[in-house]
Amino acid sequence: MSDADPSSDVATGDYRTDDPDGPEGRPTHHAFWADAVADEIEARDPEEPVVIKGGVSPSGVAHLGNFNEIMRGYFVAEVLRERGYDVRQVFTSDDKDPLRKLPRKLADPDGNIVGLGDVDAGALGRNLGKPYTSIPDPFGEADSYAAHFANLLKADADRLGVPVEMLSNTDLYADGTFDPVVERVLSDVENAREVLSKYQNKVDEEYVPFNPVCEECGKVTETVTDIDLDSKTVDYVCTDLTVGDQTIDGCGHEGTATFREGKLPWRFEWPGQWQVLGVDFEPFGKDHAEGSWPSGEDIARNVLEIEPPVPMTYEWFTLNGEALSSSAGNIVTVPEILELLEPEVLRYFFSLDPRKARNLDLSRLDQLVDDFDRFERAYFGEVEDETLTAVAERAYPFVVDEVREDRVRLPYTFAAVLGMTDDRDLRVQMAYNEGHFTDETPEWAIEEALERVEKARAWAEQMDNAYNYRLQVEMPETDFGDDVAAALEDLATFVEDGHDGEEIQGEIYETAKRHDIDVSDLFGAGYRLFFDQTQGPRLGEFLGDLDQQFVVKRLRREE
């Protein structure tokens, strides 16, 4: 399917190939979307290394949404590597673009989101209109604003085990990599104008698709007055740059810039990257499907005379039901989400069908973790769902660092319950009580399982949900009436008889009724004994998870 576009089978997620027999006898229908994309790449008989690309403009916080292209590309890269191909996954930073407006927020070197009040916002404001690589790092550590952003993305890729190579557009211009593209575009400006005019207004007979960087003020300008192909230079005037309803003033300088001292506009730069990097596949968000991709495809074929890469349009995901937005503050970074989830759960999220819109609701991360756990069990044949099992059998090995059948996954909400205490031995005992650990569970599996407890604890604290309580290991000071004390004694006997959490929950109501006390008073006494609070989680179920001897002694107020 050499003429693939975002409406093709692969791009829309209908996972089949045109060849009824499939390439090299592979099936025409795939359970995992990355296999279908790999089929289409393979059908083009690509040279090695196969190049998979993503890209981003370093305009603000490097957040989870920026990771879409990296992760979509990762799964396709892994499938191709499995098939024996040498694969190069690259991620370009469009860092020769000008800073057009101040971001509302930034991320510090550790990925923590901060406001402009935490940095020298004035320094950013003084650099509007300049390339990101010409702007100092607001945190004073990296070589530039752009390098800071790229470092964050590379660190995030490392956290998730994705071997991606970060590339700077500024470097690609400076070392001459882009020279052939710039020369090609500027050698036939009339054709470039004609092609671009189908997709962009204000392409008149004076338009030149090249943006020099002014040697006087360092800003990117759009006014080219002459082209000298022999000397590979352009003459320019540093004019104002319009950004929405605002204007970034040019300095009026008239000068000359080489082809390496400027940049192509985005609609030419993107297909230019395909040419100079030899890109075979690039995923992109649906916002590009109706604008940038059609123009990029047209420019590639009819200006640069190259074949565009295999595309794939993915749906954006929302965060807490709203669009990801740096300006609105509705973002989450990879380090932030990894405080709440294991890396394999996040990789699983990105392995899901890219054609379907999804919502990442931080308040219901337990559902995402439950889905991952079921996906994992399906791989090991423990789930009666043929469709899920087929997907898991194919995709699961790409999601985890290592396939190990004897892993233990504590249910996320149960892990949050364990997080109510810092006592490791008590956590282990509670997991034994619930049957998650047995005498045969290896120590490494116990330690790995307990790692989820800290993440679930962080989730409970961040969301301030029903699990955000702390179990009091020492006996709190209490003063109960005789009727409540007698009810607690009866409840202790019931627990001692070996009943489970649901039965204990029901017995609390029955015990209150028998002792003619308000059920809220009995629950309140329990919460005071175990949490030194007036409220808490479902008490009976929680007591059923705890060590029985500990519960009985506490209900009887024994140290």
Side-chain angles (χ1 to χ4, degrees), residues 4 34 37-38 40-42 44 46-59 62 65-83 85-97 131-133 142-144 146-182 263-264 266 268-285 288 292-293 296-297 300 304 306-314 334 347 350 354 398:
V37 177
E40 192 165 357
I41 296 169
E42 207 173 0
R44 295 189 177 191
E47 295 182 2
E48 296 186 68
V50 177
V51 178
I52 292 173
K53 192 186 90 68
V56 70
S57 176
S59 56
N66 300 133
F67 237 66
N68 265 303
E69 290 175 30
I70 290 179
M71 293 309 300
R72 308 302 186 189
Y74 165 75
F75 288 111
V76 176
E78 287 298 286
V79 167
L80 288 169
R81 290 185 180 111
E82 182 187 63
R83 296 183 184 183
Y85 287 91
D86 181 19
V87 180
R88 181 187 182 202
Q89 185 177 357
V90 300
F91 198 74
T92 55
S93 176
D94 302 329
D95 53 19
K96 206 165 187 180
D97 290 358
Y132 291 107
T133 40
D143 292 338
S144 66
H148 169 77
F149 188 94
N151 291 345
L152 289 175
L153 283 175
K154 183 62 170 68
D156 290 344
D158 292 343
R159 290 181 177 97
L160 291 175
V162 178
V164 65
E165 181 183 348
M166 304 298 295
L167 298 178
S168 160
N169 267 358
T170 298
D171 291 345
L172 295 178
Y173 282 106
D175 65 16
T177 299
F178 262 119
D179 281 359
V181 179
V182 177
K263 67 179 298 294
L264 293 165
W266 159 246
F268 289 92
E269 192 171 73
W270 193 22
Q273 291 171 341
W274 301 339
Q275 176 177 328
V276 300
L277 298 175
V279 179
D280 296 292
F281 168 66
E282 180 156 6
F284 46 82
H288 286 310
S292 304
W293 168 257
E297 183 182 36
L304 303 182
I306 63 168
E307 189 66 19
V310 172
M312 186 189 76
T313 305
Y314 57 80
V334 171
R347 285 195 289 262
F350 282 112
F398 302 128

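Worth knowing before you read on, the calculation uses all heavy atoms, side chains too, and leaves out hydrogens, waters and symmetry mates.
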Ring pair (Phe, Tyr, Trp, His ring centres under 6.0 Å) partners of Phe67, counting only residues at least two apart: none
For Phe178, all residues meeting ring pair (Phe, Tyr, Trp, His ring centres under 6.0 Å), sequence neighbours excluded: Tyr173
Rounded at 0.5 Å granularity, tell me how far [atom1] in [X] sits from [atom2] in [Y].
{"X": "Ile70", "Y": "Ile52", "atom1": "CD1", "atom2": "CD1", "result": "12.5 Å"}
{"X": "Arg83", "Y": "Glu78", "atom1": "CZ", "atom2": "CD", "result": "13.0 Å"}
{"X": "Leu172", "Y": "Lys96", "atom1": "CG", "atom2": "NZ", "result": "10.0 Å"}
{"X": "Thr133", "Y": "Asp171", "atom1": "OG1", "atom2": "CG", "result": "8.0 Å"}

For [X], which residues count as a side-chain contact (heavy atoms from CB on, under 4.5 Å) partner, sequence neighbours excluded?
{"X": "Asn151", "value": "Ala142"}
{"X": "Ser93", "value": "Pro58, Asp95"}
{"X": "Leu152", "value": "Ala62, Ala107, His148"}
{"X": "Ser59", "value": "Ser57, Tyr132"}

Please name all residues satisfying salt bridge (charged side-chain N to carboxylate O under 4.0 Å, His left out) with [X], sequence neighbours left out, ordered by chain then number.
{"X": "Asp179", "answer": "Arg260"}
{"X": "Asp280", "answer": "none"}
{"X": "Glu269", "answer": "Lys263"}
{"X": "Asp143", "answer": "none"}

Phe91 and Leu167: CA distance, side-chain angles, deciding distance, side chain to side chain contact (heavy atoms under 4.5 Å, CB included) verdict: CA-CA 6 Å; Phe91 198 74; Leu167 298 178; over 6 Å; no
So which heavy atom on [X] is nearest to which on [Y], and how close?
{"X": "Gly176", "Y": "Pro180", "result": "O-CD, 3.8 Å"}
{"X": "Phe398", "Y": "Tyr74", "result": "O-OH, 3.4 Å"}
{"X": "Arg81", "Y": "Val87", "result": "NH2-O, 3.4 Å"}
{"X": "Pro308", "Y": "Trp293", "result": "CB-CH2, 3.8 Å"}
{"X": "Arg347", "Y": "Gly161", "result": "NH1-N, 4.3 Å"}
{"X": "Glu69", "Y": "Gly55", "result": "OE1-N, 2.8 Å"}

With [X], the side chain to side chain contact (heavy atoms under 4.5 Å, CB included) member among [options]:
{"X": "Pro283", "options": "Arg72, His288, Met71", "result": "Arg72"}
{"X": "Leu160", "options": "Val162, Asp158, Val164", "result": "Val162"}
{"X": "Ile41", "options": "Val79, Val51, Leu80", "result": "Leu80"}

Criterion side chain to side chain contact (heavy atoms under 4.5 Å, CB included) on Arg44 and Glu307, from CA distance to verdict: CA-CA 10 Å; Arg44 295 189 177 191; Glu307 189 66 19; 4.0 Å; yes
Partners passing side-chain hydrogen bond (donor to acceptor under 3.5 Å, both in side chains) against Glu48 (at least two apart in sequence or in another chain): none
Any residue meeting side-chain hydrogen bond (donor to acceptor under 3.5 Å, both in side chains) with Lys53, in chain and number order, not counting sequence neighbours: Thr92, Gln273, Glu282
Side chains of Glu42 and Tyr85 in contact at under 4.5 Å (non-hydrogen atoms): yes
From CA spacing to verdict: side chain to side chain contact (heavy atoms under 4.5 Å, CB included), Val56, Phe149: CA-CA 10 Å; Val56 70; Phe149 188 94; 3.7 Å; yes
